[in-house]
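Every number for a ligand or one of its atoms is a count from 1 in the order of the listing. No hydrogens, no waters, no symmetry mates; every other heavy atom, side chains included, goes into these values.
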Amino acid sequence: MFRPRLSRRHAMAATAAATVTAAVAFSASAGAFSSQDQARHAVQGGKAKNVILLIGDGMGDSEITLARDYTVGANGRLNMDKFPMTGAYTTYAVHKDGTPDYVTDSAASGTGWATGTKTVNGRISKTPGTDKAVPTILELAQKGGFATGSVTTAELTDATPAVLASHVTDRSCQGPADMATCPSDTLAKGGPGSIAEQSVNHKVDVLFGGGKQRFDQKVTDGKYKGRTVTEQARQLGYRVVTDNASMKAAKGGKPVLGLFASGNVPTEWTGKTAAVGGTDPQRCVTSNANRPAGTPNLADQATKAIQLLEAKQKSKHSKKGFFLQVEGASIDKQDHAADPCGQIGETAAFDRAVKVARDYAAKHPDTLVVTTADHGHTSQIVPLEATPPGLSSTLVTDEGQQLKVNYSTNTPGQSQEHTGTEVRIAAQGPQAYRVLGVTNQTDLFTTLREALGVR
Ligand code: MG
Ligand code: ZN
């Protein structure tokens with residue numbers, strides 16, 4: 001369901017927002033672009049030249065608070081806390097018959113924000129009952145003449161980036177050798193192939209992430225039979241980069257496929273995982289011995305992606321800008337693993353990518369920046385004296401205080417689970433007022449579509 005363009009709720013929300021942001025403007029700090037200007041753009045409708053969407057996977061309010069407490073302190077503010085407009089949205093998935101499934105995964109939630117259609121868990125940009133492809137915001141942006149990019153710390157074929165440039169029955173169909181659960185999507189059956197094949201066939205201008213192992217798989221049928229998906233990408237015109245140096249050296253003029261790890265990109269931080277009965281107070285290690293030295297961080301990837309997308313539009317003499325999605329994927333993955341240091345490090349890395357987007361928007365106010373999550377997750381900050389069931393760990397924060405975090409959405413030893421809570425959505429720039437109040441995840445599709453002016 002789409003709401004009418006300027007519903008009563010939004011008109012009221014915009015008025016309320018103007019009041020709220022007047023206070024923001026009053027305390028504005030100096031910058032290339034004042035908070036008052038930000039607020040003006042946020043309450044405006046109108047079109048955005050560029051859209052940057054940042055998704056913290058599994059980044060519920062408790063994950064944000066944990067990273068804030070640890071890194072900048074309870075009274076500090078992360079970059080993602082500084083948007084002029086903040087609301088909440090509901091994330092539930094649906095069953096095949098359309099009834100609510102209260103806890104979503106990243107595939108169904110991604111399909112929600114990328115297409116405006118809710119679907120069943122595991123499905124990638126296809127309908128819940130009939131399993132039919134639904135157009136995505138990236139596809140609409142491409143059709144509308146925008147440059148497009150997708151950047152992630154997960155495999156590029158993982159659910160969140162997958163929802164933008166592929167349509168498959170199940171998220172597990174990542175490479176040509178992974179098609180067991182997607183029989184009707186195979187090339188042999190006349191389907192569009194795996195997520196990896198579809199992503200490069202879409203000619204997305206910038207694809208940065210992990211998942212090299214999927215692109216190293218051999219195509220099983222059709223024009224590229226016997227070649228790897230990476231070779232297919234090269235034939236389609238892609239330049240392939242695999243580390244920070246080759247990424248930074250990439251020039252515009254060609255689409256760029258960055259494959260920075262075999263699987264997920266290794267986390268930035270490490271530490272003790274949470275344990276039954278807790279851990280000794282620990283400080284996180286802000287490095288990872290298993291992370292190769294040439295691995296680009298998410299902020300550098302976002303910076304390069306913006307540069308490449310801008311270069312493409314300039315070379316085309318296009319007045320249109322770009323659509324870029326940036327995902328901090330391993331907030332979720334370390335939450336599943338009950339690894340608080342891994343999780344906090346990834347949230348902090350994601351927050352530095354948010355700063356890249358906000359710094360760009362400060363110089364390019366016709367940019368809509370949205371930061372949100374796809375669903376909530378496990379980690380909870382509990383009192384130091386609590387003896388919670390499940391896994392917990394005591395951390396010593398940068399401000400020198402102890403903090404206890406608990407992971408109890410599943411039996412110890414099992415993967416910890418997503419939760420069905422609403423999550424934060426924050427924005428600045430044209431159409432940003434649409435995130436105010438309590439909206440539905442599918443409304444984000446409308447916000448992006450209205451900002452880009454695409455159908
Ligand atoms: Mg994800
Ligand atoms: Zn997850």
Side-chain angles (χ1 to χ4, degrees), residues 53-60 62-64 66 91-93 101-115 119-125 136-138 149-166 168 170-174 195-196 199 204 207-211 214 260-261 263-267 273-274 298 301-302 324-340 342-343 346-347 349-350 353-354 370-380 391 407-410 414-421 423-425 441 444:
L53 170 65
L54 301 113
I55 306 274
D57 198 312
M59 193 183 70
S62 57
E63 284 70 25
I64 296 172
L66 183 58
T91 65
Y92 65 95
D101 185 344
Y102 296 113
V103 183
T104 190
D105 79 335
S106 298
S109 61
T111 300
W113 59 254
T115 73
T119 196
V120 291
N121 279 329
R123 187 82 37 96
I124 301 289
S125 294
T136 74
I137 190 66
L138 183 141
S150 186
V151 173
T152 181
T153 52
E155 299 193 55
L156 264 168
T157 49
D158 201 22
T160 307
V163 298
L164 287 166
S166 66
V168 288
D170 190 85
R171 59 184 291 172
S172 62
C173 303
Q174 299 190 55
I195 294 166
S199 300
V204 182
L207 287 171
F208 287 167
R214 314 290 178 176
F260 304 122
N264 297 317
V265 177
T267 60
T273 54
L298 192 62
Q301 290 182 43
L324 172 64
Q325 188 277 140
V326 179
E327 184 198 17
S330 290
I331 302 165
D332 167 86
K333 294 181 195 306
Q334 299 314 309
D335 227 325
H336 280 298
D339 176 352
Q343 180 190 319
E346 292 306 292
T347 313
F350 175 74
V354 172
V370 180
T371 298
T372 188
D374 54 352
H375 54 75
H377 220 306
T378 309
S379 58
Q380 289 293 335
L391 307 163
Y407 294 83
S408 287
T409 51
N410 209 345
Q414 305 278 75
S415 176
Q416 298 300 306
E417 289 285 9
H418 300 173
T419 64
T421 181
V423 294
R424 180 198 287 190
I425 178 167
Q441 192 150 50
L444 174 52

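Among heteroatoms of the N, O or S kind in Asp57, OD2 lies nearest the Mg ion (ligand 1). Among heteroatoms of the N, O or S kind in Glu327, OE2 lies nearest the Mg ion (ligand 1). The atom of Asp332 that is an N, O or S and sits closest to the Zn ion (ligand 2) is OD1.
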Does the side-chain contact (heavy atoms from CB on, under 4.5 Å) test come out yes or no for Thr372 and Ile55, once each step is laid out? CA-CA 5 Å; Thr372 188; Ile55 306 274; 3.9 Å; yes
CA sep, side-chain torsions, deciding dist, call: Thr273, Asp339, side-chain contact (heavy atoms from CB on, under 4.5 Å): CA-CA 4 Å; Thr273 54; Asp339 176 352; 3.9 Å; yes
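Backbone or side-chain N, O or S atoms of Thr152 do not reach the Mg ion (ligand 1) at under 2.8 Å. Put simply, Asp332 stays out of reach of the Mg ion (ligand 1), with no N, O or S atom under 2.8 Å from it. Taking 2.8 Å as the threshold, His375 does not count as a candidate ligand of the Zn ion (ligand 2), since none of its N, O or S atoms lies below it. Here His336 meets the criterion, with an N, O or S atom under 2.8 Å of the Zn ion (ligand 2).
For the residue pair Gln441 and Thr91, no side-chain donor N or O sits within less than 3.5 Å of a side-chain acceptor on the partner.
In plain terms, the two heavy atoms of Thr267 and Ser330 that are nearest each other are CG2-CB, 4.4 Å.
Each of Thr160, Asp374, Val163 was evaluated against Ser109; a single residue qualifies, Asp374, per the side chain to side chain contact (heavy atoms under 4.5 Å, CB included) test. The only option from Asp332, Thr409, Leu391 that meets the side chain to side chain contact (heavy atoms under 4.5 Å, CB included) definition with Thr378 turns out to be Thr409.
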